[in-house]
Chemist: 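The structure under discussion is supplied below as structure tokens; questions concerning it will follow.
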Protein chains: 2
Amino acid sequence: MSEQAHFLRKEKEAVIIQRKKTQSGAGAAMEPLQLGKRVKAIRLGKSLTLEEASQLTGLARSTLSKIENEQISPTFAAVTKLVNGLGIDIPQLFSPAGRKGATGGRRDITLKGTGTLHPTPTYEHELLATELSGKKMIPYKTTICARSFEEYQDWIRHEGEEFMLVLSGKVRLYTEFYQPADMEEGDSAYYDASMGHVVISTGKEDARILWVTT
Amino acid sequence: MSEQAHFLRKEKEAVIIQRKKTQSGAGAAMEPLQLGKRVKAIRLGKSLTLEEASQLTGLARSTLSKIENEQISPTFAAVTKLVNGLGIDIPQLFSPAGRKGATGGRRDITLKGTGTLHPTPTYEHELLATELSGKKMIPYKTTICARSFEEYQDWIRHEGEEFMLVLSGKVRLYTEFYQPADMEEGDSAYYDASMGHVVISTGKEDARILWVTT
DNA sequence: TAGAAAAGTTTCCTATAGGAAACTTTTGGG
DNA sequence: CCCAAAAGTTTCCTATAGGAAACTTTTCTA
């Protein structure tokens with residue numbers, strides 16, 4: 001459709017100009033998610049014109065139009081402006097349509113061993129409750145493969161707080177400002193995750209741990 | 001700032017001199033959020049090299065480097081690849097940068113069976129990490145004594161979100177807007193706690209559960 | 001309806017994102 | 001130490017995002 005329009009336009013301008021503009025033909029950049037449609041729906045839901053949305057977001061009217069029609073993939077900076085200007089709920093933008101937020105009476109059950117796997121040399125993560133987006137907590141189980149502090153490049157540290165519970169095996173929890181602590185099944189710890197921390201297995205078997213992070 | 005960069009580029013083309021990159025100093029593009037640092041932290045947390053991350057995400061090594069060093073603002077498409085490739089939790093990326101951990105480099109370890117007890121007719125709670133105040137999450141283990149829905153006066157509901165993991169035994173999770181779910185050791189659930197919920201033991205033994213609530 | 005104003009789209013251009021490869025820095029041997 | 005390999009950074013280039021303005025379409029209003 002837009003392709004036809006494009007051709008007509010070209011012919012009309014006619015003549016020599018062949019500038020050619022790549023993009024129109026292939027058109028619809030296959031954006032992984034229908035960001036544009038969502039933005040449009042949200043804007044219309046608020047009864048805003050492109051001009052008003054432009055004022056609110058600081059993005060050009062034309063840019064908004066192109067985003068809504070999925071002619072471009074906005075930069076992170078642009079998305080941020082959209083989000084702040086229009087008060088969009090983030091996870092909504094990213095979630096592949098069907099995914100549900102953790103609020104408003106939602107739940108997700110993860111049966112043993114059915115989480116989303118994420119292996120690294122030292123840990124093997126199994127993310128839980130991945131069907132829910134926008135969660136305040138991130139729960140996952142981990143098999144601790146590492147056997148020595150040296151297997152880590154450096155302390156692990158990240159935003160937020162962390163709770164851990166030893167599900168099986170024996171571990172040693174190293175934390176930046178404390179003495180290492182030996183823990184076994186049933187023991188738990190809670191700490192500020194911006195403080196460097198690292199966990200290694202000390203028993204015969206690789207230990208299993210449940211983590212919950214904010 | 002970017003204007004400077006542009007000028008330099010122009011000059012370089014025009015002449016021969018090619019003095020070094022503008023941005024080096026504290027120049028740091030003022031990206032609304034510290035996307036780059038977060039991405040880097042996440043990558044390092046998984047002990048991945050740029051090359052490996054490149055494979056996982058489909059983004060070029062150089063692009064990743066520039067994103068991490070906040071030299072560019074990735075497109076939405078690129079952010080999506082990052083998120084999917086590295087298993088990043090979205091809100092993490094957008095959440096207001098500064099958020100300081102309430103516990104400021106502290107930790108508390110609770111050895112098995114040493115939590116603070118808090119019995120009720122239907123549950124028996126063992127609060128964990130009680131040495132730390134002002135936590136964002138509240139972890140506790142519970143022995144589920146109740147055997148039928150009727151032993152509860154009403155749905156349990158409260159603010160926030162809740163994660164639960166079955167440590168032992170068998171339970172049935174009733175939630176207001178869903179069918180009851182039977183769960184056993186290793187299964188977990190995540191739900192909006194303002195939705196009515198109740199758990200009963202269905203096995204021979206009283207079940208043990210770990211809860212974490214925001 | 002016609003005509004104008006508002007809303008939306010497209011063009012055209014500059015600035016910049018993303019990729020390939022060159023280059024630099026860091027890590028390990030020996 | 002020195003060299004080699006690996007990790008990370010920068011350069012250089014092309015494709016494309018974003019803005020201003022021209023253009024088209026829709027919506028009123030008389």
Side-chain angles (χ1 to χ4, degrees), chain A residues 1-14 17-31 35-36 39-40 43-44 47-55 57-82 85 150 153-154, chain B residues 1-10 12-13 16-24 27 29 31 35-36 39-40 43-44 47-55 57-82 85:
Chain A
M1 171 184 78
S2 56
E3 208 166 329
Q4 288 182 2
H6 183 59
F7 276 148
L8 289 181
R9 174 71 65 90
K10 284 291 173 184
E11 283 176 7
K12 190 182 64 180
E13 286 177 18
I17 301 182
Q18 43 164 313
R19 238 286 159 1
K20 114 179 177 180
K21 262 294 122 184
T22 12
Q23 59 122 41
S24 166
M30 48 171 180
E31 187 63 41
L35 176 69
V39 171
K40 184 164 193 172
R43 177 175 63 84
L44 294 178
S47 300
L48 296 171
T49 66
L50 284 177
E51 180 55 36
E52 293 167 322
S54 171
Q55 309 259 324
T57 58
L59 293 168
R61 207 162 75 249
S62 57
T63 303
L64 288 172
S65 170
K66 282 181 275 192
I67 291 173
E68 290 190 351
N69 292 303
E70 316 205 322
Q71 292 173 13
I72 63 176
S73 171
T75 58
F76 186 73
V79 174
T80 302
K81 287 181 182 174
L82 269 179
E150 286 69 36
Q153 322 289 32
D154 194 2
Chain B
M1 171 189 64
S2 55
E3 215 165 321
Q4 287 181 0
H6 184 58
F7 278 148
L8 285 186
R9 173 72 69 92
K10 289 293 179 189
K12 187 184 61 184
E13 286 174 12
I16 309 172
I17 301 177
Q18 43 116 89
R19 272 269 44 97
K20 62 27 168 299
K21 277 279 87 175
T22 12
Q23 60 106 73
S24 57
E31 187 63 38
L35 176 69
V39 170
K40 184 165 194 171
R43 177 175 63 84
L44 293 178
S47 301
L48 297 171
T49 66
L50 284 176
E51 180 55 35
E52 293 166 322
S54 170
Q55 309 257 325
T57 58
L59 293 168
R61 204 162 79 249
S62 57
T63 302
L64 288 171
S65 171
K66 282 181 276 191
I67 290 173
E68 290 190 353
N69 293 302
E70 315 205 324
Q71 291 174 14
I72 63 176
S73 172
T75 59
F76 185 74
V79 174
T80 302
K81 287 182 183 176
L82 270 180

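Below, read A as the first sequence line, B as the second, and so on, with proteins coming before strands; counting in each chain starts at 1.
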Chemist: Measure from the side-chain N and O atoms of A:S54 to the backbone N and O of A:L50, and report whether any donor-acceptor pair falls under 3.5 Å.
Modeler: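 It does not hold such a pair.
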
Chemist: For nucleotides 4-8 of chain C, print each protein N/O atom paired with a nucleotide N/O atom at under 3.5 Å, atom names and distance only.
Modeler:
{"from": "C:dG8", "atom 1": "OP2", "to": "A:L50", "atom 2": "N", "distance (Å)": "2.9"}
{"from": "C:dG8", "atom 1": "O6", "to": "A:R61", "atom 2": "NH2", "distance (Å)": "3.4"}

Chemist: For the helix from C:dT1-D:dA30 to C:dG30-D:dC1, figure out the bend between the end axes, five pairs an end, and round to 10 degrees.
Modeler: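 End-to-end axis angle: 30°.
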
Chemist: Would a 4.5 Å heavy-atom cut-off, applied to side chains only, mark A:R43 and A:L64 as touching?
Modeler: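 The answer is no; the side chains never approach within 4.5 Å.
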
Chemist: Going by heavy atoms in the side chains, are A:L82 and A:L59 under 4.5 Å from each other?
Modeler: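 They are in contact (side-chain heavy atoms under 4.5 Å apart), so the answer is yes.
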
Chemist: Taking B:S73 for the side chain and A:A77 for the main chain, is one N or O donor matched with an acceptor at less than 3.5 Å?
Modeler: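 Pair found, side chain donor or acceptor close to backbone of A:A77.
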
Chemist: Determine whether A:I67 and A:K40 satisfy the following criterion, side-chain contact (heavy atoms from CB on, under 4.5 Å), listing intermediate values before the conclusion.
Modeler: CA-CA 9 Å; A:I67 291 173; A:K40 184 164 193 172; over 6 Å; no

Chemist: If I take atom CD1 in residue A:I67 and atom P in nucleotide C:dT9, what distance separates them, rounded to the nearest angstrom?
Modeler: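 So the CD1-P distance, A:I67 to C:dT9, works out to 13 Å.
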
Chemist: Please state whether the base of D:dA20 and the side chain of A:S62 form at least one donor-acceptor pair under 3.5 Å?
Modeler: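 Answer is yes: a donor-acceptor pair is held.
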
Chemist: Rounded to whole Å, please give me the gap between NZ in B:K81 and P in C:dG18.
Modeler: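 Whole-Å distance recorded here is 9 Å.
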
Chemist: In this structure, how many angstroms lie between the C1' atom of D:dC23 and the NZ atom of A:K66, rounded?
Modeler: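 Answer to the nearest Å: 14 Å.
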
Chemist: Once you round it to whole Å, what is the distance between P of D:dT10 and CG of B:L64?
Modeler: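 Roughly 15 Å, once rounded to whole Å.
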
Chemist: Any non-hydrogen side-chain atom of B:T63 less than 4.5 Å from a side-chain atom of B:I72?
Modeler: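 The answer is yes, as the side chains (C-beta and beyond) meet within the 4.5 Å cut-off.
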
Chemist: Of the listed nucleotides (D:dG19, C:dG19, C:dA17), which one gets closest to any side-chain atom of B:T63?
Modeler: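 Nearest to the side chain of B:T63 among the choices is C:dG19.
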
Chemist: By nearest nucleotide on DNA chain C, pick out whichever of B:T75 and A:E68 is the more 5' one.
Modeler: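 Taking each residue's closest nucleotide, the earlier one in sequence belongs to A:E68.
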
Chemist: Rounded to the nearest 0.5 Å, what separates atom CZ in B:R61 from atom NZ in B:K66?
Modeler: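 Here the interatomic distance stands at 11.5 Å.
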
Chemist: Whether the side chain of A:E52 engages the backbone of A:T49 through a donor-acceptor N/O pair (distance < 3.5 Å, no angle test) should be reported.
Modeler: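 Between the backbone of A:T49 and the side chain of A:E52 there is a qualifying donor-acceptor contact (under 3.5 Å).
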
Chemist: Spell out, as yes or no, whether a donor-acceptor pair under 3.5 Å connects the side chain of A:T80 to the backbone of A:F76.
Modeler: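 At least one qualifying donor-acceptor pair exists.
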
Chemist: Within the structure, does a side-chain N or O atom of A:Q71 lie under 4.0 Å from either OP1 or OP2 of C:dT10?
Modeler: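 For C:dT10, OP1 or OP2 has a side-chain N or O of A:Q71 closer than 4.0 Å.
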
